[in-house]
Structures are given as C-alpha cells and as structure tokens.
Amino acid sequence: MSTRILLVRAVNVGGASLPMAEFRELLASLGATDVRTYIASGNAVCSVAGDAAAFDREVERGIEARFGYFREVMSRLPGEVSAALAGHPFSVVDPTRSYISFLSGKPTAAAIEDARELPTGADEWSVVGRELHLRYENGAGRPDLNVDALGRRLGVAMTARNLRTVHALVTLAG
C-alpha cells in the first residue's frame with residue numbers, strides 16, 4: 001500500500017458534478033483505504049495497493065460509469081507533491097496566484113519550445129518534470145496567459161491547484 005494524492009481534472013465546473021462523499025465511496029469501492037478528500041474540486045488522499053497508474057485509470061473509468069463524463073486523474077506520492085511545492089521556481093507573493101499543474105506525462109522538449117511562443121504578458125510558467133508551475137500576476141481569474149492553449153501545445157492533460165491547496169494536500173497526506 002502506498003499513500004497517493006489523487007487530482008481529478010475539471011470537476012465541479014461546467015456541469016461535471018463530482019460530490020465528494022460519492023467520490024470517497026467510489027475510491028473505497030476500487031480498493032482504496034484511508035480515503036480523505038479536500039475541498040470540492042477533485043482532490044483525494046488515500047492508500048492504494050498495486051500499480052498507481054492502473055488505479056488512476058480505474059478511477060477514470062469509475063467516474064465515467066458512475067457520473068457520465070470522462071476526466072483524467074493524475075496522482076502523485078506525497079513526497080513528489082512536496083518536492084514540487086518546494087521547487088516552485090517563482091517568487092510567491094500570494095499562494096492563490098501561484099499554481100502547480102500536475103501533468104499526465106512529461107512534455108517533450110519540442111512541445112515545451114512550441115509553447116514558449118505563446119504570449120504570457122506578466123504571467124510566468126515553467127515545466128519541471130511532470131509539473132507545470134504557473135504564476136499569475138493578476139490572478140487566475142484574469143490571466144494574460146491562455147493556459148488552455150498552453151496545455152494543447154504541451155500535449156498532455158493537466159489539472160492545476162494553487163499553492164495553498166497543494167500545501168493542504170501535502171499536510172493531509174501526512
């Protein structure tokens with residue numbers, strides 16, 4: 001068994017409802033233990049036996065079967081999330097304006113170079129391994145950077161959490 005932090009992309013927005021109590025039930029039905037969720041945005045901490053990537057795919061299939069929509073699931077070990085948090089490459093003035101996007105895979109060097117062509121205004125981004133670090137000068141609600149275009153150029157699915165949430169998930173994972 002290993003403790004995992006699970007992050008589901010784009011839930012409880014745009015009609016993709018994922019009630020946290022039902023999400024906990026789903027995870028338990030798939031064999032996860034010590035299941036805890038944090039805020040209603042697709043965050044969970046649980047213990048999982050076996051291959052983590054295979055479990056993530058089971059969760060994706062379970063969400064689709066139970067709730068009627070597909071969403072990618074990215075998971076990391078608590079140490080990986082803690083290292084990503086510690087390695088955030090930008091100065092943090094407000095943790096709600098700085099984000100880590102957890103990626104479904106590591107983008108290619110060519111994809112990263114292609115993405116560098118996008119205008120960023122005062123916003124900043126950097127890929128470090130399987131994470132995309134972001135700092136929004138005016139907050140995520142008023143970005144200069146088109147993060148959807150950035151994701152398309154990087155060629156991987158991603159789900160973002162602000163640094164306050166990332167810190168809370170690391171704390172919840174113990």
Side-chain angles (χ1 to χ4, degrees), residues 2-14 16 18 23 36-46 48 52-53 55-57 59-60 70-174:
S2 66
T3 299
R4 304 290 297 179
I5 296 173
L6 277 73
L7 305 132
V8 184
R9 187 188 67 76
V11 295
N12 295 331
V13 294
L18 181 64
F23 183 40
R36 293 155 286 159
T37 54
Y38 177 74
I39 64 176
S41 60
N43 305 305
V45 174
C46 59
V48 177
F55 183 77
D56 294 351
R57 303 300 73 82
V59 175
E60 291 170 348
F70 177 82
R71 290 295 186 271
E72 292 88 351
V73 173
M74 280 62 96
S75 74
R76 301 288 192 272
L77 293 167
E80 292 173 314
V81 177
S82 184
L85 186 61
H88 189 68
F90 306 116
S91 61
V92 179
V93 176
D94 178 350
T96 65
R97 290 185 178 195
S98 293
Y99 284 71
I100 300 173
S101 283
F102 297 90
L103 308 176
S104 61
K106 186 175 178 179
T108 66
I112 293 169
E113 283 306 309
D114 184 44
R116 291 199 193 291
E117 295 176 10
L118 292 171
T120 61
D123 298 339
E124 299 176 279
W125 67 270
S126 179
V127 173
V128 179
R130 294 185 303 155
E131 277 73 51
L132 168 66
H133 295 264
L134 299 153
R135 191 196 59 77
Y136 296 108
E137 180 67 28
N138 299 307
R142 297 182 317 234
D144 291 330
L145 171 67
N146 182 332
V147 76
D148 292 333
L150 177 60
R152 285 190 299 275
R153 296 251 181 132
L154 292 176
V156 292
M158 60 185 178
T159 186
R161 303 297 187 272
N162 68 42
L163 295 191
R164 181 174 289 156
T165 296
V166 174
H167 184 268
L169 289 168
V170 169
T171 301
L172 185 63

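By convention here, the first residue in the shown sequence is residue 1.
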Can you tell me how far the [atom1] atom of [X] sits from the [atom2] atom of [Y], to the nearest 0.5 Å?
X      : Y      : atom1 : atom2 : value
Phe90  : Tyr136 : CZ    : OH    : 11.0 Å
Glu137 : Arg97  : CD    : CZ    : 7.0 Å
Phe55  : Cys46  : CZ    : SG    : 5.0 Å
Arg135 : Asp94  : CZ    : CG    : 10.5 Å
Leu169 : His167 : CG    : NE2   : 10.5 Å
Glu117 : Arg153 : CD    : CZ    : 5.5 Å

Is any side-chain heavy atom of [Y] closer than 4.5 Å to one of [X]?
X      : Y      : result
Val166 : Val81  : yes
Val170 : Pro78  : no
Leu150 : Leu132 : yes
Ile112 : Trp125 : yes
Leu118 : Asn146 : no
Arg130 : Met74  : no
Val147 : Asp123 : no
Glu72  : Thr159 : no

Kindly give the heavy-atom pair with the smallest separation between [X] and [Y], and that separation in Å.
X      : Y      : result
Asn162 : Arg164 : OD1-N, 3.0 Å
Ser91  : Ser98  : O-OG, 4.3 Å
Val156 : Ser104 : CB-OG, 3.7 Å
Ser126 : Pro89  : CB-CG, 4.1 Å
Val45  : Ala173 : CG1-CA, 3.7 Å
Ala140 : Pro143 : O-CD, 3.1 Å

Using the rule given for side chain to side chain contact (heavy atoms under 4.5 Å, CB included), can you reason through Ile5 versus Asn43, listing the C-alpha separation, both sets of side-chain angles and the distance that settles it, and then say yes or no?
CA-CA 7 Å; Ile5 296 173; Asn43 305 305; over 6 Å; no
Results of ring-ring contact (aromatic ring centres under 6.0 Å, His included) for Phe102 - residues two or more places apart only
none
Quick one: list whatever passes ring-ring contact (aromatic ring centres under 6.0 Å, His included) with His133, sequence neighbours left out.
His88
Would a distance-only check, ignoring hydrogens and angles, find a side-chain to backbone donor-acceptor pair under 3.5 Å from Glu60 to Val73?
yes
Determine whether a donor-acceptor pair (N or O, by modelled atom type, separation under 3.5 Å) exists between the side chain of Arg4 and the backbone of Ala52.
no
List the steps, then state whether side chain to side chain contact (heavy atoms under 4.5 Å, CB included) holds for Thr165 with Tyr38.
CA-CA 8 Å; Thr165 296; Tyr38 177 74; 3.8 Å; yes
If you apply the rule side chain to side chain contact (heavy atoms under 4.5 Å, CB included), what do you find for Ser41 with Asn12, and how did you get there?
CA-CA 6 Å; Ser41 60; Asn12 295 331; 5.7 Å; no
